[in-house]
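What follows is a single structure, written as structure tokens, with notes after it.
Letters A, B, ... are given to chains in the order of the sequence lines, protein chains preceding strands, and every chain is numbered from 1.
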There are 2 protein chains.
Amino acid sequence: MNKKTAEKVANTLKAIAHPVRLRIIECLENDEKCVNKIVECVGGKQSITSQQLNMMKDKGVLACRRDGVKVYYRIANPNVIKLLHCIGSHCKNK
Amino acid sequence: MNKKTAEKVANTLKAIAHPVRLRIIECLENDEKCVNKIVECVGGKQSITSQQLNMMKDKGVLACRRDGVKVYYRIANPNVIKLLHCIGSHCKNK
DNA sequence: CCGATATATTACTATATATTAATATATCAA
DNA sequence: TTGATATATTAATATATAGTAATATATCGG
């Protein structure tokens with residue numbers, strides 16, 4: 001892996017290496033959800049969740065579409081789900 | 001995933017979410033290596049590499065053994081390799 | 001346009017992580 | 001014990017990330 005690739009990969013990993021962001025991803029695993037639902041699902045403040053969502057969108061982990069007043073987020077990079085399972089199965093027995 | 005698990009997973013991810021640390025892991029993919037070799041392999045200063053190695057050891061990603069004057073590091077958590085491949089295959093085509 | 005609901009942005013402070021240079025410790029052979 | 005090689009630690013600063021509160025913008029029905 002060359003340095004540039006390493007930086008890209010590190011960037012993607014950093015994008016999800018956060019407890020709340022992991023939970024957001026998990027919550028979006030099966031289907032898209034609007035911000036409202038995501039906030040409920042992970043249980044924080046709206047503005048914080050919005051920041052996290054935006055950050056992950058910037059890094060290409062999530063994508064979104066607006067439908068009227070609501071904005072629906074979904075997982076743009078399916079590998080993060082695999083990744084989540086991968087690392088999850090390791091951490092369980094710790 | 002509950003909050004505690006999310007924190008553990010985030011911790012492991014943070015441990016590898018760094019360009020140099022990713023390259024270290026890659027360099028240890030097939031066999032253990034002494035610090036010297038690792039420094040050569042990733043091309044930084046010895047003390048920095050040592051810090052990274054220690055950090056990853058602390059977080060359970062790596063393990064090491066001393067043999068005389070040399071210290072050999074190896075991957076302690078095989079899932080990080082899978083993880084690397086997972087995310088690597090995504091980032092390639094970007 | 002106005003009010004209501006949904007989402008995003010800003011500005012600020014706190015905390016964590018990275019970087020760098022210098023120095024310390026460990027092991028062994030002579 | 002001394003010198004040489006290998007590795008680890010410390011201390012200081014820079015930079016990035018997180019957390020918080022307040023406010024702004026967007027969409028739409030009426």
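Note on B/Ser47: a base of the nucleic acid sits closer than 4.0 angstrom, heavy atoms only. When heavy atoms are screened at a 4.0 angstrom cut-off, A/Ile48 is found touching base atoms of the nucleic acid. Among the protein residues, B/Tyr73 comes within range of the sugar-phosphate backbone only, with heavy atoms under 4.0 Å from sugar or phosphate atoms but none that close to a base.
Of the candidate nucleotides D/dA26, D/dT20, D/dT5, D/dT5 has the atom lying nearest to any side-chain atom of B/Val69.
The CD atom of B/Glu7 sits 10.5 Å away from the CG atom of A/Leu22 when rounded to the nearest 0.5 Å. A distance of 11.5 Å separates CG of A/Leu13 from OG1 of B/Thr12, quoted to the nearest 0.5 Å.
Taking atom CG on A/Asn54 and atom P on D/dA18, their separation rounds to 14 Å, with Å as the unit. Between the C1' atom of D/dC28 and the CG atom of A/Asp67 lies a distance of 12 Å, rounded to the nearest Å. At whole-Å resolution of the value, CG in A/Asp58 and P in D/dT17 are 12 Å apart. Atom CD in A/Gln51 sits roughly 15 Å away from atom P in D/dA22 (whole-Å rounding).
Taking 4.5 Å as the limit, some side-chain heavy atom of B/Asn2 sits within range of a side-chain heavy atom of B/Thr5. The side-chain heavy atoms of A/Gln52 and A/Ile24, taken from C-beta on, include a pair separated by under 4.5 Å.
Over its length, the helix from C/dC1-D/dG30 to C/dA30-D/dT1 turns its helix axis by 20°, as judged from the five terminal pairs at each end, rounded to 10°.
Toward the 5′ end of DNA chain D lies the nearest nucleotide of B/Cys34, the other residue of the pair A/Arg21 and B/Cys34 mapping further downstream.
Heavy-atom contacts of chain B under 4.0 Å fall on DNA chain C between two terminal nucleotides, which in 5' to 3' order are C/dT17 to C/dC28.
Between A/His18 and D/dA16 there is no side-chain polar atom (N or O) within less than 4.0 angstrom of OP1 or OP2. Note on A/Lys14: a side-chain N or O is less than 4.0 Å away from OP1 or OP2 of D/dT17. Side-chain nitrogen and oxygen atoms of A/Lys45 include none within less than 4.0 Å of the OP1 or OP2 phosphate oxygen of D/dG19.
Side-chain contact check for B/Asn79 and B/Lys82: at least one donor-acceptor pair (N or O, by modelled atom type) lies under 3.5 Å. Residues B/Lys57 and B/Asn54 have side chains that never bring a donor and an acceptor to within less than 3.5 angstrom of each other.
Paired with A/Tyr72 under the rule side chain to side chain contact (heavy atoms under 4.5 Å, CB included), one option of A/Glu32, A/Arg66, A/Lys33 passes, and it is A/Glu32.
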